[in-house]
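The chains referred to below are lettered A, B, ... by the order of the sequence lines, with proteins before strands, and numbering in each begins at 1.
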Amino acid sequence: MTKVVTKGNLIILLGSTGVGKTELSLKIAEKLGSPILSCDSRQLYKNLIIGTAAPTKEQLERVPHYFIGTLELTDYYSASKYEEDTLQLLASLFNDHQGIVMTGGSMMYIDAITKGIDEIPTVDEQLRQDLLELYREQGLDPIREQLKLLDPEFYDIVDLKNHKRVIHALEICLMTGKPYSSLRTNSKKVRPFNIIKIGLKRDREELYERINLRVDQMMQDGLLEEARNVYPYRDLNSLNTVGYKELFNYFDGTWKLDFAIEKIKQNSRIYSRKQMTWFKRDEEIQWFHPDQEKEISDYLSLTIK
RNA sequence: GGUGCCAUAGCUCAGUUGGUAGAGCAACGGACUGAAAAUCCGUGUGUCCCUAGUUCGAUUCUUGGUGGCACCA
């Protein structure tokens with residue numbers, strides 16, 4: 001067994017949408033003299049600023065950020081790409097920082113950094129389009145059948161009604177000539193740095209109220225115009241996003257504006273719950289209320305190596 | 001004031017020829033390895049408006065209320 005020498009501390013502030021990660025991350029980063037690595041699958045995109053509650057210009061001036069507004073809406077990205085980009089960046093940042101602050105709520109991106117993702121090839125765009133077309137025309141059955149032949153082991157455990165999972169598994173089988181399940185190692189990667197996970201949470205009532213108020217604030221800040229500007233690209237994956245997809249229905253004329261706004265609030269609340277469901281099972285997370293700055297600070301001085 | 005209709009889940013409503021009830025939406029729980037703010041799965045939470053009667057048994061039938069809506073004055 002090889003011993004991994006660790007250098008540096010990655011401090012991850014995580015929590016559901018609207019809990020108050022941004023403000024706290026700025027304070028901690030300033031204290032540590034660290035930049036902030038955003039871990040948010042939607043704040044990565046340019047043009048999605050208000051609706052994703054990305055850091056403001058002033059906040060970006062207070063502390064340098066990475067992974068905010070770096071992608072075009074049309075760019076392909078994934079948790080694996082994020083793993084690669086972040087590890088590379090961290091290797092260089094840890095040369096002159098003892099602690100680096102990361103913040104965000106994209107569950108799978110966090111896991112990609114802290115646990116790693118298996119070596120699986122990036123999906124060929126043409127193959128994906130072909131399979132999606134097959135799915136649209138004939139449904140999931142023919143795709144399930146092929147998967148059953150090529151990877152019976154995964155067929156037994158996959159959620160057969162979830163077309164994304166089924167299609168992706170088949171894609172990998174077809175691309176590699178190997179069963180998708182044979183590429184899944186179920187093992188956690190070891191990182192050459194110390195990882196500290198700080199979870200932020202509030203009572204549900206308090207969180208929901210913040211989410212609702214924040215959506216109203218977003219509308220005042222010009223979310224409608226921001227959404228209208230990207231409306232022509234509505235079919236892109238980057239725009240399958242709470243805060244935008246609802247307003248697209250308004251632009252289409254299928255929803256009234258008030259209804260769309262209510263739906264943004266509702267979908268944000270549902271998203272926050274989904275995040276908590278994911279985080280709940282992660283026993284490495286130390287939970288705090290965002291106002292417990294002193295406790296968080298004490299905890300950090302205990303755990304930073 | 002009179003007549004008629006309605007009152008069942010958080011909301012909109014089905015339904016029970018008398019045996020304590022179910023859909024949609026909402027709400028809640030869960031899954032999750034290159035699309036993840038995505039995608040998918042599961043769960044009914046109820047003084048059936050109140051009161052008195054008939055009945056072995058009433059949310060259902062009858063009486064009287066209360067509230068809402070419509071029409072007539």
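Comparing B:rA36, B:rU33, B:rA27 by their closest approach to the side chain of A:Gln266 singles out B:rA27. Between B:rA31, B:rC40, B:rG29, one nucleotide has an atom nearer to the side chain of A:Thr277 than all others, and that is B:rA31. Checking B:rG34, B:rG30, B:rA35 against the side-chain heavy atoms of A:Lys274 singles out B:rG30 as nearest. Proximity note for A:Lys280 (side chain, C-beta onward) versus B:rA27, B:rC40, B:rG29: the nearest is B:rG29. Of the listed nucleotides (B:rA35, B:rC41, B:rU39), B:rC41 has the atom at the smallest distance from the side chain of A:Asp159. Distance from the side chain of A:Ile120 is smallest to B:rG34 among B:rU39, B:rG34, B:rA26.
Counting distance only, with no hydrogens placed and no angle test, the side-chain atoms of A:Asp118 and the base atoms of B:rU33 include a donor-acceptor pair under 3.5 Å. Below the 3.5 angstrom threshold, one finds no donor paired with an acceptor across the side chain of A:Lys188 and the base of B:rU33.
For the pair A:Arg204 and B:rG29, the criterion of a side-chain N or O lying under 4.0 Å from OP1 or OP2 is met. Dashed line: the shortest gap from a side-chain N or O of A:Asn240 to OP1 or OP2 of B:rU39 is under 4.0 Å. Close to B:rG34, at under 4.0 Å from its OP1 or OP2, lies no side-chain N or O of A:Tyr76. A sub-4.0 Å separation between OP1 or OP2 of B:rA36 and a side-chain N or O of A:Asn237 is present. Under 4.0 angstrom from either OP1 or OP2 of B:rA35 there lies no side-chain N or O belonging to A:Tyr109. A close approach under 4.0 Å does not occur between any side-chain nitrogen or oxygen of A:Arg165 and OP1 or OP2 of B:rC32.
Remark: B:rU39 base-pairs with B:rA31; criterion is Watson-Crick or G-U wobble with both hydrogen-bond distances under 3.5 Å.
Checked for salt-bridge contact, A:Lys178 and A:Asp151 miss the test: no charged N lies under 4.0 Å from a carboxylate O.
When rounded to the nearest whole Å, the span between NZ of A:Lys161 and P of B:rG30 equals 20 Å.
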